[in-house]
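Structure first, then comments.
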Amino acid sequence: GVTPTVWFQDVSRGGRWAVWTPPSWMNRPGFELFDLASNRPSLFVPANGRVRGGFHPLEPRLIVASNERLRTFQITNAPDGRLQLDPSENIPVPDGFQPRTFSFSGNGQRVAVVNTAGKIGVVELNSGRFVEMQASVLISDLAGRASVTGCGGLAMSMDGRWVLAGTEAL
């Protein structure tokens, strides 16, 4: 049989939570959330297409990028003690900007987002302001993990002033 491998993954600050996205060849679109501090069963959340999961750097929130939007979830417990996600809230990106991967600034104030066409934008979370950057990246350059505060080969400086995607500072 085929053995699954970890593809896109993140671990929350403090190491309590982990999330991973199975590779597309597994035909299992969605993401899986783990509570590393207990032996509770993981929570698999199916999706309609490709998603990437990661964590906010300061808050216990799961962030999920999909072709439709960038969403944030609070992780909670179901009445029976199982993991559950509260209803999502959207992180604002322009209509038609289909998020593929993201990375937070270390202070949690900004999030860099790359869309399916390789365009990069930055969202200021307090104001909802979105700024599209002049540069773009090849999606193939974003295959691996680069940041402890996001879900793929994209990193943002602690203060949110610099974005590194692939091998170029933008």
Quick check against the 3.5 Å criterion: does [X] have a side-chain atom that pairs as donor or acceptor with the backbone of [Y]?
{"X": "S105", "Y": "R110", "result": "yes"}
{"X": "N90", "Y": "P92", "result": "no"}
{"X": "R40", "Y": "G81", "result": "yes"}

Return the [atom1] to [atom2] distance between [X] and [Y], rounded to the nearest 0.5 Å.
{"X": "L62", "Y": "F55", "atom1": "CG", "atom2": "CZ", "answer": "5.0 Å"}
{"X": "R69", "Y": "S88", "atom1": "CZ", "atom2": "OG", "answer": "5.5 Å"}
{"X": "D35", "Y": "S12", "atom1": "CG", "atom2": "OG", "answer": "9.0 Å"}
{"X": "E59", "Y": "I75", "atom1": "CD", "atom2": "CD1", "answer": "12.0 Å"}
{"X": "F104", "Y": "I63", "atom1": "CZ", "atom2": "CD1", "answer": "4.0 Å"}
{"X": "L43", "Y": "L33", "atom1": "CG", "atom2": "CG", "answer": "6.0 Å"}

For residues F31 and F44, establish whether the separation of their ring centroids is below 6.0 Å.
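No, they do not, as the ring centres are separated by 6.0 Å or more.
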If you apply the rule side chain to side chain contact (heavy atoms under 4.5 Å, CB included), what do you find for L125 with Q109, and how did you get there?
CA-CA 6 Å; L125 295 177; Q109 300 293 315; over 6 Å; no
Just so I know, are the side chains of [X] and [Y] near enough to count as touching, which here means a heavy-atom distance under 4.5 Å?
{"X": "V113", "Y": "I120", "answer": "no"}
{"X": "F130", "Y": "V122", "answer": "no"}
{"X": "K119", "Y": "E132", "answer": "yes"}

Taking CG in D80 as the centre, count heavy atoms belonging to other residues, nucleotides or ligands within less than 6.0 Å. Is the count above 12?
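Count over threshold, so yes.
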Determine the minimum heavy-atom distance between [X] and [Y], stating which atoms define it.
{"X": "P22", "Y": "G30", "result": "CD-O, 3.4 Å"}
{"X": "V93", "Y": "P99", "result": "CG2-CG, 4.1 Å"}
{"X": "R100", "Y": "T116", "result": "CB-N, 4.2 Å"}
{"X": "T21", "Y": "V51", "result": "CG2-O, 3.0 Å"}
{"X": "A65", "Y": "T101", "result": "CB-N, 4.4 Å"}
{"X": "R13", "Y": "L58", "result": "NH1-CD2, 2.8 Å"}

Applying side chain to side chain contact (heavy atoms under 4.5 Å, CB included), run through F73 and D86 and close with a yes or a no.
CA-CA 6 Å; F73 296 89; D86 283 350; over 6 Å; no
Does the ring of F34 carry R16 above it, NZ/CZ under 6.0 angstrom from centre and within 45° of its axis?
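No, R16 does not sit over the ring of F34.
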Let's go through F102 and L70 carefully: what are the C-alpha distance in whole Å and the side-chain angles of both, what is the deciding distance for side chain to side chain contact (heavy atoms under 4.5 Å, CB included) to 0.1 Å, and is it a yes or a no?
CA-CA 9 Å; F102 62 90; L70 191 61; 3.8 Å; yes
Run the side-chain hydrogen bond (donor to acceptor under 3.5 Å, both in side chains) check on T72 and R61 step by step: do they pass?
CA-CA 6 Å; T72 176; R61 298 189 74 77; 2.8 Å; yes
Step-by-step side-chain hydrogen bond (donor to acceptor under 3.5 Å, both in side chains) determination, N77 to Q84
CA-CA 5 Å; N77 294 317; Q84 81 176 19; over 6 Å; no
With no hydrogens and no angle check, just 3.5 Å: does a side-chain donor-acceptor pair link Q74 and T76?
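Distance-only check fails for Q74 and T76.
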